[in-house]
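To keep things clear, I will list the structure first and then write my remarks on it.
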Amino acid sequence: MRQAVAILAVGLGFGLIAPAAAQEASPGRYSMQKSETGLARLDTETGEVTLCQEKGGELICRMAADERAAFERELDLLTSRIEALEKAVESGETAAEPALPDDEEIDRAMSIMERMMRKFMGIVKEFEDKGSDSADEGENLPQKT
């Protein structure tokens, strides 16, 4: 735990130093700094700190303990959800079907739609009447010859 806190402090320190370095050159997503046990890799987008060590000419990186625990919890949660879904499929269960509206709800919806259509048709009728009135007025005007 003490080591994880030290690494986090080092990572945060590098996070404060990184903006100054960023002005000089555009760094990538990760910032790497030497630590007591190898390297600390800071993900500049997420803030995650990963411990890296060189073994056999390869750089091997592992998540910090706190991040690993959160990862394990999420993995366990997803595993249990998958198992529950697989059991539901095996037993033939399906997703709950949405409840259909009852007659009262249908009647209410139809009543609302009917009132809306009647008002709309009334507006259309007004426009038709105004259009025919102006057309009638145009017939009574003298024609230019």
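Here the structure is a predicted model, which means the values were calculated and not measured.
Looking at Met32 and Leu59, their side chains come closer than 4.5 Å, going by heavy atoms from C-beta outward. Between Ile112 and Met116, the closest side-chain pair of non-hydrogen atoms is not below 4.5 Å.
How far SG of Cys61 is from CZ of Arg41: 4.5 Å, rounded to the nearest 0.5 Å. Taking OG from Ser80 and CG from Leu75, the interatomic distance works out to 10.0 Å, rounded to the nearest 0.5 Å.
Smallest separation of non-hydrogen atoms from Gly28 and Thr44: O-OG1, 3.8 Å. Of all non-hydrogen atoms in Ser35 and Ala40, the two that sit nearest each other are OG-N, 4.3 Å. Summarising the geometry of Ala88 relative to Ser91, their closest heavy-atom pair is O-OG, 3.2 Å, with the distance given to 0.1 Å.
In this view, Glu45 and Arg29 satisfy the salt bridge (Lys or Arg N to Asp or Glu O under 4.0 Å) rule, not counting sequence neighbours. Under the side-chain contact (heavy atoms from CB on, under 4.5 Å) criterion, Asp102 pairs with Glu104, Glu105, not counting sequence neighbours. With sequence neighbours left out, Val124 forms a side-chain contact (heavy atoms from CB on, under 4.5 Å) with Phe120, Glu128. The side-chain contact (heavy atoms from CB on, under 4.5 Å) check on Ile123 picks up Phe127, with sequence neighbours excluded. A search for side-chain hydrogen bond (donor to acceptor under 3.5 Å, both in side chains) contacts involving Asp107 returns nothing, not counting sequence neighbours. Every side-chain contact (heavy atoms from CB on, under 4.5 Å) that Leu78 has, sequence neighbours left out, goes to Glu74, Arg81. The salt bridge (Lys or Arg N to Asp or Glu O under 4.0 Å) test applied to Lys55 returns no partner, not counting sequence neighbours. For Glu72, the side-chain hydrogen bond (donor to acceptor under 3.5 Å, both in side chains) test picks out Arg68, with sequence neighbours left out. Contacts of Glu114 classified as salt bridge (Lys or Arg N to Asp or Glu O under 4.0 Å), with partners at least two apart in sequence or in another chain: Arg118.
For CG of Asp103, the number of neighbouring non-hydrogen atoms (other residues, nucleotides, ligands) closer than 6.0 Å is 12 at most.
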